[in-house]
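Below: one structure, written as structure tokens.
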Amino acid sequence: MIEDIKKEALELIRSAKDSAAVERLRIRFLGRKGEISKILRSLKDLSVKERQTVGPVAQQLKKDIERLIQEKTAVFSKSIQQGLPGIDITMPGKKIKIGYLHPLTLIEKEIRGIFKAMNFSVVEGPEVETEYYNFDALNIPKNHPARDMWDTFWLQNSQQLTSDKEQLTKGQESKVKGQMLLRTHTSPVQIRYMETHKPPFQIIVPGRVFRYEATDASHEINFYQIEGLMVGKTVTLANFKFVIQEFFKRLFRSDIEIRFRPSYFPFVEPGLEVDIRCIKCGGRGCGICKDSGWLEVMGAGMVHPRVFEAAHYNPRDFQGFAFGLGLERMAMIKYNIPDIRLFYSGDLRFIQQF
Ligand code: YSA
């Protein structure tokens, strides 16, 4: 029986193709539960005479196998160092999976680039905002019906967050009075920026906003906006028209027809909505534009004098335009995405298409 094991073990070890196979054979014959180890362990159960014959043969076989394994392992490690057979260096490597940029990241980067090229600066503001910046300073006082336009996530215990009154001056105190909330639009950053900067300037403000409303194919509770603000001594709606036409031309890489429609936002006067010719049907009417031939893409207008006053500007000295667009809606138009909820589904099949 020992002879059979010896024949098989030596043959197998000699023909092993790589060091992993040698290791498997070492375990099979010499491991704790290996075939040779079992024989050596069973010697104690044999008679003295049997032990004297079997013992030395088994010990010798163990030594032979150990030596052969050592030799074989040395051959493999040498061939690895020399790049010789034993390791197939032509075998394709394991593919490293790279990630994908989310379509919202892609379009935001592109929009930032377009505005930067037109000399706009990119500014950011807090997502947790005070009632003052989100509403009051934007000419939306308490009980004003316009507050209904923004369904708000109010924060609990917000008084604690803002009650460190000892360190606040009177002016500062009025800005933190009232409840804290998740900002419903990026417009509060208009005030924050103007408080610390003097015109002329032009900025865009990309950022996340929140609305407490039912979701559907075009509404989310968490979405992104890009705010724009340009202020100077002579900035007019004609400047706005040029900037925004140029923006769409660069974003969609073709001449896009736009139109202004009168609208109402408390922080602009006059206020307007900007529509673009439907990208899908070119204006003939389709499901995307609900047969109107136009897509509503942003709110805009000339900054209201009360907004300038809130930022301590004299409205007689400066004028400017502001606008706010929804990033998801823009991406849906550009990439032909039918449902806003896909952006937040976490489905890799969606992301991998960009
Ligand atoms: C208007 C005039 C200005 O001078 C400056 C800014 C604005 C925009 C204003 N602050 C505002 O938020 N207007 S809005 O409520 O109409 O939203 C702007 C854009 O956000 C919409 O055109 C739409 O594209 C997007 N939006 C609104 N609610 C949304 C949404 N996107 C996804 N889900 C929602 N629930």
Side-chain angles (χ1 to χ4, degrees), residues 103-104 107-108 111 123 125 127 129 133-135 137-140 145-153 181-194 202-231 235-237 239-241 243-244 248 251 258 260-276 288-289 294-308 310-311 319-334 337-344:
L104 290 178
I107 196 162
E108 193 194 306
I111 293 176
V123 174
E127 290 173 4
E129 197 37 288
Y133 284 109
N134 199 80
F135 294 126
L138 289 166
N139 193 31
I140 317 173
R147 285 204 186 193
D148 294 344
M149 285 157 61
W150 290 277
D151 299 311
T152 309
F153 283 106
L181 48 86
L182 296 182
R183 68 177 174 190
T184 55
H185 51 172
T186 41
S187 303
V189 189
Q190 289 189 27
I191 307 289
R192 288 184 175 276
Y193 188 82
M194 287 194 283
Q202 51 278 327
I203 58 166
I204 57 158
V205 185
R208 187 142 68 135
V209 303
F210 310 84
R211 300 231 180 135
Y212 183 48
E213 60 185 351
T215 56
D216 60 26
S218 53
H219 292 85
E220 262 294 354
I221 56 169
N222 158 111
F223 60 100
Y224 286 81
Q225 286 189 338
I226 295 196
E227 189 85 6
L229 177 66
M230 181 168 186
V231 181
V235 176
T236 67
L237 269 185
N239 299 125
F240 173 61
K241 193 172 175 211
V243 166
I244 225 59
F248 285 120
L251 186 65
I258 64 169
F260 290 173
R261 260 183 311 111
S263 186
Y264 170 68
F265 298 95
F267 34 92
V268 282
E269 181 56 43
L272 51 102
E273 293 276 351
V274 180
D275 297 341
I276 57 173
I288 304 258
C289 61
W294 294 95
L295 298 168
E296 193 178 304
V297 286
M298 66 172 76
M302 293 300 286
V303 179
H304 197 288
R306 293 229 178 95
V307 172
F308 282 142
Q319 57 187 45
F321 65 76
F323 61 89
L325 62 86
L327 200 64
E328 284 80 359
R329 301 240 175 114
M330 208 48 73
M332 287 167 82
I333 295 171
K334 185 169 160 87
I337 296 168
D339 193 315
I340 194 170
R341 291 166 291 198
L342 282 165
F343 290 114
Y344 301 100

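Quick caveat, the model's predicted, so the values are computed rather than measured. Atoms within a ligand are numbered from 1 in the order they appear, just like the ligands themselves.
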If you scan protein heavy atoms around atom 13 (N) of ligand 1, the nearest is F265 CE2, 3.6 Å
Option whose closest heavy atom lies nearest to atom 35 (N) of ligand 1, chosen from E213, H304, R211: E213
Tell me which part of E296 gets within contact of ligand 1: side chain, backbone, both or neither, using heavy atoms under 4.0 Å. neither
Distance in Å, Y193 OH paired with L229 CG, rounded so as to fall on 0.5 Å steps: 9.0 Å
If we ignore hydrogens and angles and just use 3.5 Å, is the side chain of R183 paired with the main-chain N or O of R208 as donor and acceptor? yes
Could you pull out, from E269, H185, Q225, the option with a heavy atom nearest to atom 17 (O) of ligand 1? Q225
For F153, does the CZ atom have more than 12 heavy-atom neighbours from other residues, nucleotides or ligands under 6.0 Å away? yes
Going by the atom numbers of ligand 1, which of them fall below 4.0 Å from some non-hydrogen atom of G326? 19 (C), 20 (O), 24 (O), 25 (C)
Ligand-residue contact atoms, ligand 1 with S218, heavy atoms, under 4.0 Å: 32 (C), 33 (N)
Proximity of I340 to ligand 1 by residue part, where a heavy atom lies under 4.0 Å: side chain
Looking at Y133, does the NZ or CZ of R192 lie under 6.0 angstrom from its six-membered ring centre and within 45 degrees of the ring axis? yes
Between R329 and ligand 1, find which residue part has any heavy-atom pair under 4.0 Å and reply side chain, backbone, both or neither. side chain
Does the ring center of H185 lie less than 6.0 Å from the ring center of F265? no
Below 30° counts as parallel, above 60° as perpendicular, anything between as tilted: where do the rings of F323 and F240 land? tilted
Option set G299, G301, G271, criterion heavy-atom distance to atom 1 (C) of ligand 1, minimum: G299
Ligand 1 contact on F267 by region, counting heavy-atom pairs under 4.0 Å: side chain
Please round to the nearest 0.5 Å and tell me the distance separating atom OG1 of T152 and atom CD of E129. 12.0 Å
Looking only at heavy atoms of E227, does any of them come nearer than 4.0 Å to an atom of ligand 1? yes
Just need the protein heavy atom nearest to atom 28 (N) of ligand 1, so name the residue and atom and give the distance. F223 CZ, 3.4 Å
Can you tell which of N134, L182, T186, T184 makes a side-chain contact (heavy atoms from CB on, under 4.5 Å) with V209? T186
Under 4.0 Å from a heavy atom of S187: give me the atoms of ligand 1 that qualify, with their elements. 6 (C), 10 (N)
Heteroatom proximity flag, E220 to ligand 1, N/O under 3.5 Å: yes
Which of the numbered atoms in ligand 1 are below 4.0 angstrom from a heavy atom of G324? 5 (C), 6 (C), 7 (C), 8 (C)
Min heavy-atom dist G228 to ligand 1 below 4.0 Å: no
Can you list every pair that meets salt bridge (Lys or Arg N to Asp or Glu O under 4.0 Å) and has a residue in residues 261-272, with sequence neighbours left out? R261-D275, R261-E296
Would you check whether A322 has a nitrogen or oxygen atom less than 3.5 angstrom from a nitrogen or oxygen atom of ligand 1? yes
Between atom CE of M302 and atom CE of M230, what is the distance when rounded to the nearest 0.5 Å? 10.5 Å
Over 12 non-hydrogen atoms of neighbours within 6.0 angstrom of CZ in R147: yes
Do me a favour and list the nearest non-hydrogen protein atom to atom 4 (O) of ligand 1 with residue, atom name and distance? V268 CG1, 3.0 Å
